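In what follows, every heavy atom counts, from backbone to side chain, and hydrogens, waters and symmetry copies are set aside. Naming: A, B, ... by sequence-line order, numbering from 1 per chain. From a predicted model like this one, the values you see are computed outputs, not experimental measurements.
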Amino acid sequence: MSFLPVDEQLAIIKRGTVEIVPEEELIKKLKKSRKENKPLRVKLGVDPTRPDLHLGHSVILRKLRQFQDLGHEAILIIGGFTAMIGDPTGQNKTRPPLTPEEVSENAETYISQAKKILDQSKTVIVNNNDWLGSMSFMDIVKLSSNLTVARMIERDDFSKRFENSEPISLHEFLYPLAQGQDSVHLKSDIELGGTDQKFNLLVGRDLQRADNQAPQICLMMPLLVGTDGSKKMSKSYDNYIGIDEPANDIYGKSLSIPDDLIYSYFELVSDVSIEKLAELKDQIRKDPRNSKHELAFTITRMYHGEAGAKAAREHFEQTVINKDVPDDAPELEYAAGSTIRLMDIISDAELTQSNGETKRLMKQGGVSLNDEKISDPNAEVEFLKGSQFDLKVGKRKFARLIGV
RNA sequence: GGGGGGAUACCAAAGUGGCCAACUGGGGCAGACUGUAAAUCUGUUGGCGUAAGCCUUCGUAGGUUCGAAUCCUGCUCCCCCCA
């Protein structure tokens with residue numbers, strides 16, 4: 001395996017990057033690696049707290065993938081031990097620690113989803129419980145002596161909590177140490193993280209130095225803004241696009257991002273080439289509509305393939321733009337000659353959660369049968385042999401009723 | 001160790017004996033509009049019922065009362081101040 005020239009590697013590495021600390025050292029490491037034909041060890045630690053991955057997670061995983069494609073060694077650390085501490089980063093309160101069972105369960109789903117992005121054959125997956133779990137109290141005391149309290153409470157999240165007289169548990173101070181110890185143990189050359197991870201990543205450098213290792217390079221990626229256009233993408237804000245979601249949802253949700261986010265999505269979560277990226281700036285400004293459709297298509301294709309993306313695009317055009325019932329709507333059969341209340345049909349098909357909700361929707365004009373709004377909760381449907389009704393409930397729920 | 005405050009629907013937060021299924025904001029959902037599942041405007045937001053109405057819900061278990069989210073008692077949890 002031969003490595004690309006350093007400047008070409010650097011261009012790929014720097015795509016979307018917020019900060020590389022320090023960049024000159026990275027260049028040196030890349031040069032050395034190329035000269036000696038020895039891959040760099042690139043580390044990414046993940047907390048298996050929330051196992052469902054979304055595009056926000058994909059930003060950093062994709063960066064790791066890029067390192068893999070450049071021929072470097074990707075090490076994915078499952079924070080089995082650290083998850084039991086709980087990362088205090090950005091938290092305004094102590095996180096509830098997970099049990100070992102929850103951790104291993106989450107880790108499994110995490111890995112299976114992460115493999116959609118990473119090169120499976122080349123990814124080294126380790127669990128930091130394997131080395132952190134066996135450290136002695138004395139080991140931890142020694143490790144702790146590398147950092148001062150002053151340094152810890154410089155951190156924004158801690159100082160805020162401290163000023164507001166909110167509790168900071170002592171064990172939370174140990175989190176960055178644990179993460180840094182991972183770097184020492186793995187002798188990592190580079191560690192990836194979000195901008196909010198800067199402190200934790202820098203501690204890795206300190207600990208490596210204390211262990212007489214060459215300190216790692218810290219590479220920070222931005223936090224992806226969610227579909228609401230303001231907060232970072234997160235499950236708890238419900239502004240996320242899950243990589244495991246159905247193609248139709250990925251496509252539709254991608255289209256719902258504000259226009260000024262289109263570029264950064266292309267840059268951070270899509271696989272378009274760097275050359276294409278340069279053209280896109282102009283294209284987005286001139287034609288945001290089609291650019292966003294292209295974005296939605298690209299993202300959907302990455303997780304559902306070309307055919308899946310095409311189907312999702314058609315589905316979107318049919319249901320949202322033309323407001324038609326899609327071809328793949330579930331079909332419900334009713335005996336010819338029977339007359340059934342529409343509300344019961346909707347409830348039985350579980351298109352709503354309660355009769356109250358159905359009634360509400362009907363009154364608000366959210367229910368239509370063959371393009372005709374039905375607002376009477378007592379409306380009935382009469383089935384004859386071969387009769388067919390296209391039922392639309394709200395914006396996104398459909399069914400085809402057929403008399404047999 | 002001492003003193004004080006609190007727990008209300010998805011979240012935040014009013015309500016302090018009947019007019020409370022519970023103000024208001026956020027979120028969600030729907031309609032209009034739109035290139036869009038964005039923005040904006042409007043409506044809506046416990047369950048059953050065509051409806052009248054009934055049932056369940058205000059940390060938890062009891063009690064007072066014709067009647068309680070509101071008063072009393074025990075319990076659980078959270079927070080603040082002082083030491």
Task: Nucleotide forming a Watson-Crick or wobble pair with B/G74, both distances under 3.5 Å - done: B/U60
Open item on the list: Once hydrogens and angles are ignored, does a donor-acceptor distance under 3.5 Å link the base of B/G35 to the side chain of A/Asp259?
Closed with: yes
TODO: Whole angstrom is fine here: how far is it from CD in A/Glu294 over to C1' in B/G35?
DONE: 15 Å
TODO: Mind calculating the distance between NE2 (A/His315) and C1' (B/U36) to the nearest angstrom?
DONE: 15 Å
Open item on the list: Could you tell me how far apart A/Asp344 (CG) and B/U50 (C1') are, to the nearest whole angstrom?
Closed with: 11 Å
Task: Gap in Å between the two C1' atoms, one belonging to B/U50 and one to B/A37, rounded - done: 33 Å
TODO: Give the rounded distance in Å between these two atoms: NZ of A/Lys395 and C1' of B/U34.
DONE: 11 Å
Task: Side-chain (A/Glu331) to main-chain (A/Arg400) donor-acceptor, under 3.5 angstrom - done: no
Open item on the list: Should the side chain of A/Arg360 and the base of B/A30 be counted as holding a donor-acceptor pair, with the cut-off at 3.5 Å?
Closed with: no
Open item on the list: Distance alone, cut at 3.5 Å: any donor-acceptor contact between the side chains of A/Gln216 and A/Ser188?
Closed with: yes
Task: Gap in Å between the two P atoms, one belonging to B/U24 and one to B/G62, rounded - done: 34 Å
TODO: Return the value, rounded to whole Å, for the distance between atom CZ of A/Phe398 and atom P of B/A30.
DONE: 10 Å
Task: Geometric cation-pi criterion A/Lys281 and A/Phe266, 6.0 Å radius, 45° cone - done: no
Open item on the list: Measuring only the P atom in each nucleotide, how far is B/C54 from B/U60? A whole number of Å is fine.
Closed with: 24 Å
Task: Toward the 5' end of RNA chain B, by each residue's nearest nucleotide, A/Gln364 or A/Leu361 - done: A/Leu361
Open item on the list: Roughly how many Å apart are B/C41 and B/C78, using the C1' atom of each and rounding to a whole number?
Closed with: 41 Å
Open item on the list: From NZ of A/Lys363 over to P of B/A30, roughly how many Å is that when rounded to an integer?
Closed with: 18 Å
- [ ] Starting from C1' on B/U36, measure out to CG on A/Asn248 and report it in whole angstrom.
- [x] 15 Å
Open item on the list: Among residues 282-293 of chain A, which ones have heavy-atom contacts with RNA chain B below 4.0 Å?
Closed with: A/Arg289, A/Lys292
Open item on the list: With a 3.5 Å limit on both atom pairs, tell me what B/C54 is paired to, counting Watson-Crick and G-U wobble, or say none.
Closed with: B/G47
Open item on the list: With no hydrogens and no angle check, just 3.5 Å: does a side-chain donor-acceptor pair link A/Ser183 and A/Lys43?
Closed with: yes
Open item on the list: Checking side-chain polar atoms at under 3.5 Å, does A/Thr352 have a donor or acceptor matched by the opposite partner on A/Thr358?
Closed with: yes
Task: Euclidean distance for P, B/G67 against B/G4 (whole angstrom) - done: 33 Å
Task: Nearest-angstrom distance from the residue atom CD1 of A/Ile257 to P of B/G35 - done: 18 Å
Open item on the list: For the backbone of A/Phe3 and the side chain of A/Arg34, can you confirm whether one donor and one acceptor N or O come within less than 3.5 Å of each other?
Closed with: yes
Task: Residue-phosphate contact under 4.0 Å: A/Lys359 side-chain N/O, B/A51 OP1/OP2 - done: yes
Open item on the list: For the residue pair A/Gln9 / A/His72, report whether a side-chain donor-acceptor contact shorter than 3.5 Å exists.
Closed with: yes
Task: Closest-nucleotide 5' rank along RNA chain B - winner of A/Gly356 and A/Val393 - done: A/Val393
TODO: Using a heavy-atom cut-off of under 4.0 Å over every strand shown, decide if A/Tyr251 touches base, sugar-phosphate, or nothing.
DONE: nothing
- [ ] Ignoring hydrogens and angles, state whether a donor on the side chain of A/Asp371 or A/Ser368 is under 3.5 Å from an acceptor on the partner side chain.
- [x] no
TODO: Mind checking A/Asn239 for me? I need base, sugar-phosphate or nothing, with any heavy atom below 4.0 Å counting as a touch.
DONE: nothing
Task: Phosphate contact (B/C48 OP1 or OP2) by A/Ser354 side-chain N/O below 4.0 Å - done: yes
Open item on the list: With a cut-off of less than 4.0 Å, is there a side-chain N or O of A/Ser256 near OP1 or OP2 of B/U36?
Closed with: no
Task: Check: A/Gln66/A/Lys63 side-chain N/O donor and acceptor closer than 3.5 Å - done: yes
Open item on the list: Can you check the distance between B/G53 and B/G43, where both ends of the measurement are the P atom (answer in whole Å)?
Closed with: 25 Å
- [ ] Could you measure between the two C1' atoms, the one in B/G63 and the one in B/C11, and give it in whole Å?
- [x] 33 Å
Open item on the list: When the C1' atoms of B/C75 and B/A7 are compared, how many Å lie between them, rounded to an integer?
Closed with: 14 Å
Open item on the list: By the 4.0 Å heavy-atom rule, please label A/Lys231 as base, sugar-phosphate, or nothing.
Closed with: nothing
